[in-house]
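Here the structure comes first, spelled out in structure tokens, and everything after it is commentary.
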Number of protein chains: 2
Amino acid sequence: MAATSTLLDGKGLSKAMEADLKVRVEKIIAQTGKVPVLATILVGNDPSSEVYVKMKGNACERVGMTSVRVHLPEETTTEELLAAIEKLNNDEQICGILLQHPVPHQIDERACFDKIAIDKDVDGVTCLGFGRMSMNEPAYGSATPAGIMELLKHYKLPLAGKHAVVVGRSPILGKPVAMMLLNENATVTICHSKTDNLPALIKQADIVVGAVGRPEFIRAEWIKDGAVVVDAGYHKGGLGDVEISKVKDRAAAYTPVPGGVGPMTIATLIAQTVASAEKKLKA
Amino acid sequence: MAATSTLLDGKGLSKAMEADLKVRVEKIIAQTGKVPVLATILVGNDPSSEVYVKMKGNACERVGMTSVRVHLPEETTTEELLAAIEKLNNDEQICGILLQHPVPHQIDERACFDKIAIDKDVDGVTCLGFGRMSMNEPAYGSATPAGIMELLKHYKLPLAGKHAVVVGRSPILGKPVAMMLLNENATVTICHSKTDNLPALIKQADIVVGAVGRPEFIRAEWIKDGAVVVDAGYHKGGLGDVEISKVKDRAAAYTPVPGGVGPMTIATLIAQTVASAEKKLKA
């Protein structure tokens, strides 16, 4: 049992990031007279999605940016959503576009994600952005995985040569975090619902990333002593994807739920919007 | 020792594919009066690259297509190459564009790859194509990995739930083959030059993909009995990336060098060009 288990304080780091971002936003406004704007798009009335969009809007305000909220009805078609995105793409005031996932079933979410102009894809959801990030080309990373990487780097946790096991392969979490860890020279194993003998694979991990979307699916006993545990899940009752309470004392480091990955996701979205604003408004 | 080791005959399969492609090309010509064209771009005078481009042009001829060869001098600039690609993008007769890798050092190869229009990227080298393929969206796959997948599927080798270990992480080989195997429900580990304890990781592999670019770097004794061994390397003297002669008798299946992955790469390029022609010329 390591007495030195480090809590990876996403809440604290995100606050520090916001303080820095606030200064950068003030500078942008002073130099250009323009206030950076993030457009958020919510389709339908899913209560969780409403909360997430609101939290992102609030974060914009905290750093001195404006958020424009586009709220479309549940019955919106793909064509209507594409048109709404195109309008935002062409609006010079908009520095970033967030399309809240998931959208209602009748909508082709992938087509809508990919409609977002690459230079406004501050949430990192486009195929092009994923491809560019994977190839180490400049791109806004998918917000949750990019937030995870920021947290790992902030705590100077070694990644090169480490064996990272990512559990989950979703387009905006498992796949991008795997490529980001690979680009930091980790050896990366990607596991998923079809994986045989998941416990034995996780047991090898120096770094475990839970990105599976099922409450406490990853059992504490599968994780070796001294591993770094990153939990990207969030479920009712404050549970993550990892049985974290039973493993945190013997982990080298771990993200709490809540207060770990969640706040980093929002801070990363905001940071990438500010970066976009610095390029767009100063240009 | 398994007496049933299967030689994955890329040479034979590529010939069968070409026979099928020839029929499809005849149909395109009969229906449209147009002959599909692949544009090949060679920059400089690297003898190996000249051979590869020539082989690809010959394959076009064998299936009844035309290839237009663009040969630019060693001192070509990025801007000049981008302009040459743009011209081919805008040429309605051209169904596919192959930019032979590698280009001379002064050229930004990534910018040039990404200049290729997605609908003509039949060699699968763009970031956008990689992103789309990774997300299971329609895209021409990177030719070598797509050829490997075709070969594995032809021999009906099970992939779902199998542990594939990819050694190498290049943009047109290691990274895309990892994502393709993942999308076929394999559990995928990506190893590279910074990986610790490579032999132990390879030992776990049900499927090993050698994509490291060093002659016989992957030792026979690292590979477990009954594994599927895919060797994407080709080096002087007919050596691959895997010490294949010492492992082939106890592998479940293996690709020979030469005659395994190499011919599949070219056949895939041609197949993707024909698929593009079917879309473009019939439209």
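The shown structure was predicted, so the numbers you read here are calculated from the model rather than taken from an experiment. Every heavy atom of this structure was used, including side-chain atoms; hydrogens, water molecules and symmetry mates were not. Letters go in sequence order (proteins before strands), and every chain restarts at 1.
With a 4.5 Å cut-off on non-hydrogen atoms, A:N197 does not touch chain B at all. With a 4.5 angstrom heavy-atom cutoff, A:A186 touches chain B only via backbone atoms. Contacts of A:L201 with chain B are made by side-chain atoms alone, with heavy-atom separations under 4.5 Å and no backbone atom involved. Using a 4.5 Å cut-off between heavy atoms, B:M133 does not touch chain A at all.
A:N183 places a side-chain heavy atom less than 4.5 Å from the side chain of B:K175. Looking at B:H192 and A:T187, their side chains come closer than 4.5 Å, going by heavy atoms from C-beta outward.
Taking chain B as the reference chain and counting heavy-atom pairs below 4.5 Å, the highest number among A:V165, A:N136, A:L128 is found for A:L128. Of all the listed residues (A:M135, A:K194, A:R110, A:R132), the one sharing the greatest number of non-hydrogen pairs under 4.5 Å with chain B is A:M135. Counting heavy-atom pairs closer than 4.5 Å to chain A, the top residue among B:V166, B:T189, B:T126, B:D114 is B:T189.
Closest of all the heavy-atom pairs between B:G161 and A:D196 is O-OD2, 3.6 Å. Taking all atoms of both residues into account, the shortest heavy-atom contact from B:G131 to A:F130 is CA-CD2, 3.9 Å.
At distances below 3.5 Å, at least one donor-acceptor pair connects side-chain atoms of A:R169 with backbone N or O atoms of B:L182.
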